[in-house]
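One structure below.
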Amino acid sequence: MSEPAKKQDNIITLDDLRPRQKERSYLADYVMPARHPNILFDPRKCIGCGTCEMVCSKRNRSVIAPASSSIKVLRDEAKGKNFAIYCQHCRKPLCIEACPTRAIEKDENGIVSINKLFCVECGLCTLACPESAPLRDSKTGEINKCDLCGGDPLCVKHCPEKALTLTRGKFFRWIKFARWTVQAASFLLLVMIFVGTFCFFKAGQVSFACPTGMLQNIAASKTIVLATLSATLALIVLTILLGRVFCGWICPFGFVLDVVGTLIPKKIGWPKFLKSRLTKYGVLGGAVGASAVLGFQSFCVVCPIGALCRSYGAQGFVKGAGVAVVPLLASTEIAQRRAWCRYFCPVGAVLALLTKLGLLKIVIGATNCKKFSCTQCAEVCPMGIIDRDLLRQGISPKIPMSECIMCMRCIDRCPYGAAKLRFRWQKGVPGIPGETRI
Amino acid sequence: MESTEQAVDRVKREAGIYACVECGRCSAVCPMAEMYTTFSVAMSPRGVIKKAIMGDDLIHDVNLWYCTECNAGTDVCPQGVSCRDLVRGLREIAVKNGLGDKAQICPRCGERFVAVPVEEFVLSRLAAEAPDVHELLKVCPACRRDLYVTRNA
C-alpha cells in the first residue's frame, strides 16, 4: 500500500487527499480490476419507508432523526416514486477539489469521507456535488456524508425491500481476453495465412471481400459481377447481425491500432478542425468517384487494411508498396485512439451505413449506472462516442450504433452491469419501462 | 414593520457582537483565507464584526458577500459571538433592500441560495469540468437533487 505523499510541517495538500491507487505488486492486480465497495439503489424496489435514514442518523448522531442522516429519500406521492440520494463515492470526487479546509479524502478502499476534525460545515461540498449528496442537518447545521460505515453500511443491512445493495463490482473482465484473442487470430489469418483474402482485387477464390473495394470496382468497371456481390455479402450480413464487429474484432489494421494504442497510453489530442465523423463518408465518396474517373480502384492503393493484407509472403513488399501507409496512419494513435477509424476509414463508412439496418444496440444507463461518479465507459471507449459530460450531469448517453465498433469495452468495464447489449427493438434499458430520461 | 436600522440593530444584538473581545480566533479558522487570494482584514470575520460594532454601513459593503456561512468562527469564539448569524442576518436585510445582486439565484426555483463569490470559488476549483456541468452546478442543491431524480427515477 502506498503511503500518502510526505507531509511537510503538517500541511495537507490537495494531492494528499485525491484518490490514491494501491501499489500493484501481484500479477492479479494488473489483471483484476480494483473492486471498491459501493451501494446500488433500485428505485423500483424502494417503498420510501425511510428506514435507511433512521439507521443512518442513529449512527451519525445517536438519535433517530432523518434530518441528520447521510442518505435522503425523496418521495413523490403523486407519481408513487421514491429515490434515495446518497454519496456515490466518485472516482474523481468534485467535493475534494472544492473543500476549502481539505477535510474530504478518498482512501485506498475508494471511500470518500469527511474528516470531522477539519470540517467547518461551510457546505461547499454540497455546492460542488452534481447530486448534492452531502446533506446539511437542518437542526445542527452539520454536513453529513456517507462513509459507507467503513465498508459495511447499515442502510443496506436494514433496508426491508433490499432496494439498497452493497456491491464490489465485477470480479473478472473476460471480454477483454476474448477480444484480444480473436483480433490476434484474425490478424494471423487475414495477413499471414490467407494472404490478401480480405481485399477485393486479390480475390481468387474469395469467401470474403471488401465492400468498399466492391463499390470502387463497380464504379471503375461500370459492370456488376454477381460473384463479387456474393463475396461481400458475408461482411454485409455480419454487420447487419452484429454491428461493426469487423472493425472491433477482425480488422487487421484495427488490431495494429489497438496494439499501438496500448503501447502509447498518453494521447496528445486530435486537432479540432479534423474532428468530423462525416469525413469518412466523404473519403468513401471520393474513393468511388476517383475510381470511376481513373478506371481502377484508387483508394485500395493506399488502403492500410489492404496494405497489411498484401504485405506478407513472397510477393509481399513488392506488391504491397502501400504498406508504408500502415506506420504512417498508426502514428495517428499518438493523437487519439482509433483516429483513423473515427474520421477517415471508408471501409468503416460502408459498415456504418449498414448498421442503420443493424439488429443490435448497446444501452448504457439503468438503475445500476453510477453516472457522474464512474464514467469508466466513456474513458475506455476507443471511438469516443460515450458522452462523458452527459454522464457528469446524471444523464444516460445514447450510443450512435453507426459509430460503435462493438468492441464491448464499455460492457466489459462497467463494474455494475449497467452497459448492456440489447436488440434494436427493445425499448430503453431493462428494468426501466420506456426511456431512462423522464 | 421595523425599519432597516432597527433590523440591523436586532441582527447585531442577536449575533452577540458587543461581547467581542477581538481575539481574532474566528479569522484564524476562517476558510475564506484559503479560498480567496484577496483575503484581507476588511473581509475577515474580525474586521466585519468590528465594522458592525463601530456602526459602519455593512449592508452596502462588498465584504459581506464572501462568507460561506460556515460554523468555524462561531465554534471557536470564547464569547459566543456568531459571525455567521451576523452575516446571514445582514444579507437578508440587504436582499430586502434590493441589494441582492451578489446572491446567486437558482435558475430553476428562483431562490437565492449562495453568495456569488462563493459559487465562483467552487466553479474555479472545478474549472476542468465542461460548461454543461458548470450550468448544473449553478442550480441550488435541492433542485439539483430533484433534477437527478427526474433524470434517473
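Within every chain, numbering begins at 1; the chains are lettered A, B, ... in the order of the sequence lines, protein sequences first and strands thereafter. From a predicted model like this one, the values you see are computed outputs, not experimental measurements.
Heavy-atom pairs under 4.5 Å with chain B peak, among G141(A), C119(A), P100(A), A133(A), at P100(A). In terms of heavy-atom pairs under 4.5 Å with chain B, the best-connected choice from C99(A), A84(A), P130(A) is P130(A). With chain B as partner, the option from L135(A), L124(A), T101(A), I143(A) having the largest number of non-hydrogen pairs under 4.5 angstrom is L124(A). Comparing E97(A), E131(A), E121(A), R392(A) by how many heavy-atom pairs each has under 4.5 Å with chain B, the most go to E131(A).
Atom CD1 of I364(A) and atom NZ of K420(A) lie 11.5 Å apart (nearest 0.5 Å). Between atom CD1 of residue I96(A) and atom CZ of residue R102(A) there is a gap of 12.5 Å, rounded to the nearest 0.5 Å.
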Going through the checks in order, is the salt bridge (Lys or Arg N to Asp or Glu O under 4.0 Å) test met by K51(B) and D57(B)? CA-CA 8 Å; K51(B) 268 191 254 175; D57(B) 184 15; over 6 Å; no
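Proximity to chain B is limited to the side chain of L74(A), based on heavy atoms less than 4.5 angstrom apart. Heavy atoms of L136(B) lying under 4.5 Å from chain A belong exclusively to its side chain. For E135(B), no part sits under 4.5 Å from any heavy atom of chain A, backbone or side chain. Heavy-atom distances place the side chain of I85(A), and not its backbone, under 4.5 Å from chain B. For C46(A), no part sits under 4.5 Å from any heavy atom of chain B, backbone or side chain.
Looking only at atom types and distance, the side chain of R145(B) has no donor-acceptor partner in the side chain of S132(A) under 3.5 Å away. For N60(A) and S57(A), the side-chain atoms include no donor-acceptor pair closer than 3.5 Å.
Counting non-hydrogen atoms of neighbouring residues, nucleotides and ligands closer than 6.0 angstrom, the NZ atom of K92(A) reaches no more than 12 such neighbours.
A distance below 6.0 Å separates the ring centres of F41(A) and F83(A).
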